[in-house]
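Structure first, then comments.
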Amino acid sequence: MAEPQAIHLKDYLPPAYLVDDVALKFDLDDHATRVSARLKMRRHPQREAGLPLELFGTALRLTHIAIEGQPLDEGEYRLDAERLVIAKVPERFELTTEVIIDPAANTALEGLYRSSSMFCTQCEPEGFRRITYYPDRPDVMATFTTTVIGDRERLPVLLSNGNPIESGELPNGRHFVTWRDPFPKPSYLFALVAGTLEKVEDHFTTVSGRRVTLQIWVERENLDKTEFAMGALKRAMKWDEEAYGREYDLDLFMIVAVNDFNMGAMENKGLNIFNSSAVLANPATTVDANFQRVEGIVAHEYFHNWSGNRVTCRDWFQLALKEGFTVFRDQSFSADVNSAPVKRIEDVSVLRTMQFAEDAGPTAHPVRPESFIEISNFYTLTVYEKGAEIVRMLRQLLGAERFRAGADLYFSRFDGQAVRVEDFVSSMSEAGDVDLTRFMRWYAQAGTPVLEVEGEYDAEAQVYRLKVRQHTPATPGQPAERKLPLHLPLRLGLLDADGAAIPLWLDGESRGTDTVVELFEAEHEFRFERVPSAPVPSLLRGFSAPVKLRFPYDRGQLALLVKYDEDGFNRWDAGQRLALAAIEEAILALQAGVEPRLDPTLLDVFTHLLDTPSDDLAVLAEMLKLPSEAYIAGEQETIDIDAIHQARRFVTRALGEALEPRFRALFEANQSEVPYAPSFEQIAQRSLKNVALGYLCATGGEEALHLAQHQFEQDRNMTDVRAALTLLAHSDAHQLGDPAVKAFGERWAHDPLVMDQWFAIQVTRPQPDVLDRVRFLMRHPAFSIKNPNKVRALIGAFANLNRVNFHRLDGEGYRLVADVVIELNRLNPDIAARIVTPLTHFQRLDAERQSLMRAELERIRREPLSRNLFEVIEKALA
Ligand code: PHE
Ligand code: ZN
């Protein structure tokens with residue numbers, strides 16, 4: 001097999017031929033589905049005449065091919081494993097083909113495949129070529145008419161994009177439905193679903209008074225889990241009208257829940273297909289965080305109807321054009337309908353823990369990559385989350401109104417087109433009347449920029465100087481000396497020694513108590529006047545740019561910010577910095593073999609938080625959470641896996657012991673008899689209560705564990721049950737944990753989404769016996785390596801969240817994950833390339849672990865690798 005080759009953005013050429021209209025006919029069968037296609041094609045006006053016609057096709061058996069009704073001779077076209085090339089075609093022509101495909105054998109879950117009892121499709125980014133021969137690239141947009149034929153008994157429901165225009169009976173117990181989508185779209189937005197499905201239906205009337213039918217299609221046993229997603233969909237539709245002036249454009253909007261899906265969900269025009277975990281929810285089975293995830297993903301896919309579908313990407317290098325913008329839109333929506341500060345805290349946590357790790361690892365890439373071997377590998381935290389931060393910075397730089405004007409201009413100017421990142425940014429620049437030339441570097445430069453800030457107070461002149469320097473570290477293919485300064489907004493304020501906000505005077509101008517300064521150069525100095533006393537700066541408020549901020553805060557200053565900063569995000573962040581310092585101190589103690597101590601400033605701050613009535617319980621709950629092991633590791637120069645774990649446990653336990661009565665009171669005060677609702681007020685309350693319970697259990701006290709046991713048995717809602725079960729299962733008290741785990745597993749054996757949680761709880765147990773548990777659970781009847789949710793719940797959770805055991809020094813954790821990766825490489829290359837990620841993050845570990853991890857990667861490399869895994873492994877071992 002030839003080595004996979006990289007594709008480069010700089011080589012982009014428009015396609016030689018365009019498709020205006022497509023008629024598809026699917027005759028569904030498990031192993032031999034017949035797909036007939038009629039493409040109305042013409043030469044691209046900007047390409048020369050006489051070029052060959054190149055169509056993509058993978059795993060297709062061609063049974064017929066004709067141009068203008070004339071079947072082609074074998075000599076008139078060439079076929080290989082990925083392409084069909086016809087040497088000569090007219091300027092304008094109709095191409096007809098027929099192929100046979102095997103959906104039941106499709107374990108990659110790209111193209112047309114079987115999931116449970118249904119047929120479904122996944123075409124983004126390059127799955128359509130597994131359905132029929134086609135110029136499968138996003139700059140080819142066509143209208144689609146799709147006829148789906150299936151067994152009336154087994155496949156009563158037949159869905160595709162757009163509106164149904166015809167249906168009827170056929171011989172041999174078969175029937176058909178024909179769908180027409182009037183909006184030209186790229187092939188990656190095509191969708192088809194067939195199966196025994198039930199629907200819930202609702203309606204939404206758009207601003208202009210059009211009544212849209214909304215349907216959520218599920219298997220019968222999930223009908224009681226659709227209500228929340230339907231509500232979220234209506235909220236999202238309304239929000240997009242108000243926040244962006246975007247109205248829905250078809251008469252029908254459908255969501256389908258499928259059990260086997262590589263990602264969260266997919267925005268196919270009029271027919272969104274969802275991983276069941278991203279749409280199904282009810283209080284008995286779903287935790288608060290997953291309700292919020294469902295709401296966010298439903299909104300995300302809906303928002304794509306404009307940011308992605310009406311205006312799409314020219315090529316896959318532009319992926320962040322639709323994803324970064326749409327993530328920003330769904331984040332803003334969730335912030336508006338829930339607690340905005342908590343939403344920001346959660347998004348920043350994900351970014352700083354996971355995206356920063358990606359940006360520091362071997363697969364680091366710019367938000368707009370310059371090359372790729374397999375595009376599926378670029379649906380990353382960098383493209384999605386850092387991509388969203390870039391849009392957020394644009395809004396910060398332009399202000400809400402001009403940002404909205406820029407979005408309006410973008411949508412109206414490019415409606416119906418496949419465009420580039422430049423088109424988005426220039427809309428913003430034009431409507432906002434700002435120069436964004438340097439800003440474009442955010443799309444081109446990989447790595448997390450570091451801001452080093454110093455403050456200097458001149459008491460006599462009453463002047464405070466802030467010196468800001470920025471640099472971006474080297475990343476693969478981009479040495480540090482080639483990194484250029486970035487344009488970014490730095491939001492900030494100053495506090496006096498009592499925590500009061502100091503009025504800001506910058507360059508003779510009053511700026512209130514909160515301002516934004518812009519950086520474009522490697523170094524800046526900002527001179528604040530009329531500063532009466534030495535201030536404590538509150539920097540990067542709201543996390544105004546995706547950077548690492550370094551400022552030599554002492555603990556007293558951090559405590560002051562926690563207590564008094566007017567910016568909720570920075571209060572939280574100061575607390576995280578303080579907790580990190582306390583944990584780092586404990587790490588050093590453990591490494592030196594001395595008793596760690598609890599940092600008194602941290603204890604003081606926690607005492608203050610617990611004693612001061614708070615009007616924002618949601619933020620308080622976040623403030624009481626310590627940084628995760630993964631986040632702590634990201635801040636270490638060399639990562640000491642065990643010391644991090646021990647130190648974090650030590651601090652948790654010490655806080656629990658020192659503040660036991662207060663945590664007890666917090667736990668009691670947040671009990672509630674009110675019927676469950678996933679409202680943010682209730683979520684905050686449950687979160688606070690369960691955080692308190694966590695500290696109580698960390699003391700190891702029997703009484704605390706009995707509180708957890710009681711909460712588990714009360715069985716009020718999945719949030720409380722899962723929190724209690726996790727504490728029991730992760731404790732050393734087998735006599736309490738084991739029966740609870742067993743009871744839960746038996747009770748929920750019928751529900752795959754709950755079993756995913758059951759797997760994850762068990763494999764994140766910190767004790768060393770967990771590895772046997774992982775192996776045992778891989779043989780459990782509810783586990784299947786072919787189902788991505790199961791792989792994530794069992795293997796993903798183990799490798800990413802159980803750091804002490806994944807990184808065991810006998811290498812068994814690595815070996816287990818590598819074995820799974822090797823198996824997945826044959827079954828589902830996309831998931832294989834994702835699940836391998838933790839094995840590639842060895843750069844700052846000790847030599848012993850590094851060599852163990854490399855050895856596993858080398859072992860994987862000896863396999864015949866999919867393109868997906870090849871690309872990741874080559875980069876990791878480079
Ligand atoms: N485009 C989808 C989304 O973000 C993600 C996706 C990519 C789904 C590839 C499936 C395959 O909304
Ligand atoms: Zn998306």
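Counting convention: from 1, in listed order, for ligands and their atoms alike.
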Contact atoms of ligand 1, heavy-atom distance to [X] under 4.0 Å:
| X | value |
| --- | --- |
| E267 | 1 (N), 2 (C), 3 (C), 12 (O) |
| H304 | 3 (C), 4 (O), 12 (O) |
| K322 | 1 (N) |
| E301 | 3 (C), 12 (O) |

Structural part of [X] in contact with ligand 1, heavy atom criterion under 4.0 angstrom:
| X | result |
| --- | --- |
| A265 | backbone |
| M263 | side chain |
| E126 | neither |

contact_flag E110 ligand 1 heavy-atom lt 4.0 Å: no
Kindly assign one of parallel, tilted or perpendicular to the pair [X] and [Y], based on the angle between their ring planes and the thresholds 30° and 60°.
| X | Y | value |
| --- | --- | --- |
| W239 | F303 | tilted |
| Y244 | F325 | perpendicular |
| W442 | F439 | tilted |

Any donor-acceptor pair under 3.5 Å from R293 side chain to S277 backbone: yes
Geometric N/O contact Q122 with ligand 1, under 3.5 angstrom: no
Residue and atom name of the nearest protein heavy atom (relative to atom 9 (C) of ligand 1), distance in Å to one decimal: E124 O, 3.6 Å
Atom 4 (O) of ligand 1 [closest protein heavy-atom partner, distance rounded to 0.1 Å]: Y384 OH, 2.6 Å
Ring-face cation contact, Y12 with R420, 6.0 Å cut, 45° max: no
Heteroatom N/O/S of E301 within less than 2.8 Å of the Zn ion (ligand 2): no
Ring centres under 6.0 Å, that's the criterion: do [X] and [Y] meet it?
| X | Y | result |
| --- | --- | --- |
| F328 | F424 | no |
| F378 | F317 | no |
| F204 | F253 | no |

More than 12 heavy atoms of other groups within 6.0 Å of E241 CD: yes
Per atom 7 (C) of ligand 1, closest listed option by heavy atom (Y379, Y188, F378): Y379
Gap separating the CG atom of L351 from the CG atom of L381, nearest 0.5 angstrom: 8.0 Å
Atom name, H300 (N, O or S, nearest to the Zn ion (ligand 2)): NE2
For the Zn ion (ligand 2): the N/O/S atom of E323 at shortest distance: OE1
